[in-house]
Protein chains: 2
Amino acid sequence: MKNSANKPADLSAQIAASIRDAIIAGELIVDARLPSEAELAEQFNVSRPTVREALKRLAAQALIRTQRGATGGAFVNHLTYPDAYAQQITTSTLLLSMNEVSIVTACEARFALERACTQLSAQRRSPDHLATMRAEIFRQSQPGLSDEAFCASDIAFHRALVDGAQNPVMSYQLAGAVEAMQPLMNMITFTARSRERIVALHSQIADALEARDATQADAALSTLEAYTMSLADDVMASR
Amino acid sequence: MKNSANKPADLSAQIAASIRDAIIAGELIVDARLPSEAELAEQFNVSRPTVREALKRLAAQALIRTQRGATGGAFVNHLTYPDAYAQQITTSTLLLSMNEVSIVTACEARFALERACTQLSAQRRSPDHLATMRAEIFRQSQPGLSDEAFCASDIAFHRALVDGAQNPVMSYQLAGAVEAMQPLMNMITFTARSRERIVALHSQIADALEARDATQADAALSTLEAYTMSLADDVMASR
DNA sequence: GGAATATCAATTGTCAGACATATAAAACTC
DNA sequence: GAGTTTTATATGTCTGACAATTGATATTCC
């Protein structure tokens, strides 16, 4: 009951799917070179532009990379965390902006997932993570800071909190949840007083992590969640 | 210090990025029709094949859809949750298989995130979610079940658990973490005895959620995590 | 007049062939 | 032997064309 049945996909989509499946199935390992475009065209019995469209589809998903020149070609890409982050963030951002996800739902998800990191972060955070958090807190308390810069710093703070768990898979998962909310957070204008409150809560969290006190960090995070939501409610109500 | 600086990207990549930014910035709203390929080619001062490659890149990310015919063209796509799931799972699966993520790291992330859902799921799960979980538990206890089918049912169980939180953003985020682990989980062969134990823990979780007891569900999930990891250790050690 | 049908026009999908450009290896020069 | 030039191979891009799809329009028939 999928597209595969009711609508024959484009040739380029079919070819892309075929190659993608081979990669996922492990038939093509990382850094393996695909046949040249001309060879692929012959294999699939299509023209070179069609093959190229298929390869561009895969390149858009960071599944392959291409290289020009004599020893060039298309290679199975080693999917790096930054690549995956970037895709994750793009997708999450669009999902949030296109599906009328309420601020409440997004906040709830974000903080719930973030709390999942707290336990581990309290155990494992390095001095480096703490230093990053303190630095962002300092930046956030500067009076002249623009709203955009404040939000960006807020995100950097939470990234450090998440990274403190020292689990790259969790960092990757959270990147989407945290960063995708930036557009929503930017809609909430922070008054001087609410910034003060947020900074105070950030400090509480950093203190708790420094003391390796997961329970207290959790509590501060919950308070922050409730406060963020109340700010969001105010903004929604005033319109 | 990115590719944008040291390597001028392909024209098709530049054009794709340009259109993508316009979509993300909200300049192109959902279902808006993009100019025809010929018009885009003229606007960007490139040939049609180049424009087409750019559009295929966007189509691969489900950002646009194309339609043939007189009133056809490329339209900004409404990114649905299933679309986002699919991308999320593909990316996560590749990330796990290509980055030598240890089973320990992946398990840790998965269960930590899943525990984040438990609290909400205990409050909000519907009878429907419970029924799904019970049905999967029953299937898992059937003796003749293949390893693949057991793993698939395991995933379905955990999906129901996550969906019970009634937060689509969390469901989306968790889809990647849970399903991407299928290949890893398939590597662990389950003996009759370990299946029994897993089913018992699943039942405990279902019971706890039925009783809306988040603490007990949490505990059972933690036990399941520890048991899964010990099984993984056994498999690793025996090779 | 209204409905079924035929035609048309716009747009994407595909193709063939060509040239430009990048790049590493081979051949050449000193 | 080191440096330079050539060459082969691959991707990147362009031109031009035709096929297929599909909504809109005109036409025909009752």
Side-chain angles (χ1 to χ4, degrees), chain A residues 3-20 22-23 28 30-78, chain B residues 3-20 22-23 28 30-78:
Chain A
N3 277 1
S4 50
N6 53 18
K7 285 267 178 172
D10 295 346
L11 284 178
S12 67
Q14 290 176 36
I15 294 168
S18 168
I19 298 174
R20 176 165 45 239
I23 294 175
L28 293 166
V30 170
D31 289 335
R33 183 179 170 283
L34 272 64
S36 71
E37 294 174 355
E39 288 169 327
L40 286 172
E42 201 176 351
Q43 277 183 34
F44 287 104
N45 223 354
V46 297
S47 68
R48 224 191 106 201
T50 303
V51 167
R52 281 183 62 79
E53 286 178 9
L55 294 179
K56 294 311 163 202
R57 295 177 114 108
L58 299 176
Q61 295 175 299
L63 281 165
I64 62 169
R65 63 178 186 282
T66 56
Q67 204 174 350
R68 283 167 72 161
T71 57
F75 299 84
V76 178
N77 204 13
H78 178 90
Chain B
N3 278 2
S4 49
N6 52 18
K7 286 266 177 176
D10 295 346
L11 284 176
S12 66
Q14 289 177 37
I15 294 168
S18 169
I19 297 174
R20 178 164 45 239
I23 294 175
L28 292 166
V30 171
D31 290 335
R33 183 179 171 281
L34 272 63
S36 72
E37 294 175 355
E39 286 169 327
L40 286 172
E42 201 176 352
Q43 278 182 34
F44 287 103
N45 222 355
V46 297
S47 68
R48 224 190 105 201
T50 304
V51 167
R52 281 183 61 78
E53 286 178 9
L55 294 179
K56 294 312 163 200
R57 295 177 113 108
L58 299 176
Q61 296 174 297
L63 280 165
I64 62 168
R65 63 180 186 280
T66 56
Q67 205 176 348
R68 281 167 71 160
T71 57
F75 298 84
V76 178
N77 206 11
H78 178 90

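Quick caveat, the model's predicted, so the values are computed rather than measured. Throughout, protein chains are lettered first and strands after them, A, B, ... in sequence-line order, and every chain is numbered starting at 1.
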*Asks:* How close do B/P35 and B/Q43 get, heavy atom to heavy atom, and via which atoms?
*Replies:*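 Where B/P35 meets B/Q43 most closely, the heavy atoms are CG-NE2, 3.7 Å.
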*Asks:* In degrees, rounded to 10°, what is the bend between the two ends of the helix from C/dG1-D/dC30 to C/dC30-D/dG1, using five pairs at each?
*Replies:* 20°
*Asks:* Suppose we screen for side chain to side chain donor-acceptor pair (under 3.5 Å). Which residues come up paired with A/D31, at least two apart in sequence or across chains?
*Replies:*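 Scan of A/D31 (side chain to side chain donor-acceptor pair (under 3.5 Å), adjacent residues dropped) gives A/R65.
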*Asks:* Once each nucleotide of nucleotides 4-12 of chain D is scored for protein heavy atoms under 4.0 Å, what B/S/- sequence comes out, 5' to 3'?
*Replies:* ----BBSBB
*Asks:* To the nearest angstrom, how far is B/F44 atom CZ from D/dT13 atom C1'?
*Replies:* 16 Å
*Asks:* Please report the C-alpha distance between B/I15 and B/L40 in whole Å, then the side-chain angles of each, then the deciding distance to 0.1 Å, and finally whether the side-chain contact (heavy atoms from CB on, under 4.5 Å) criterion is met.
*Replies:* CA-CA 9 Å; B/I15 294 168; B/L40 286 172; over 6 Å; no
*Asks:* Tell me the interatomic distance from B/L40, atom CG, to C/dG13, atom P, rounded to whole angstroms.
*Replies:* 13 Å
*Asks:* Can you sort out the partners of A/E42 under side chain to side chain donor-acceptor pair (under 3.5 Å), two or more places apart, ordered by chain and number?
*Replies:*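 Expected list: none.
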*Asks:* Could you tell me which non-hydrogen atom of A/A74 sits nearest to which non-hydrogen atom of A/I64, and how far apart they are?
*Replies:*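 Minimum heavy-atom separation between A/A74 and A/I64: CB-CD1, 4.2 Å.
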*Asks:* Does anything in residues 54-64 of chain A form a side chain to side chain donor-acceptor pair (under 3.5 Å)? List the pairs, not counting sequence neighbours.
*Replies:*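 Every pair satisfying side chain to side chain donor-acceptor pair (under 3.5 Å) with a residue in residues 54-64 of chain A: A/S12-A/R57, A/R20-A/Q61.
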*Asks:* Can you name the side chain to side chain donor-acceptor pair (under 3.5 Å) partners of B/R52, sequence neighbours left out?
*Replies:* A/E53, B/E37
*Asks:* Could you tell me whether the side chain of A/L63 reaches within less than 4.5 Å of the side chain of A/I19, counting heavy atoms only?
*Replies:*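 With C-beta onward as the side chain, the pair stays apart.
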*Asks:* What is the distance, to the nearest angstrom, from the CZ atom on A/R65 to the P atom on C/dA22?
*Replies:*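 A/R65 atom CZ is separated from C/dA22 atom P by 20 Å.
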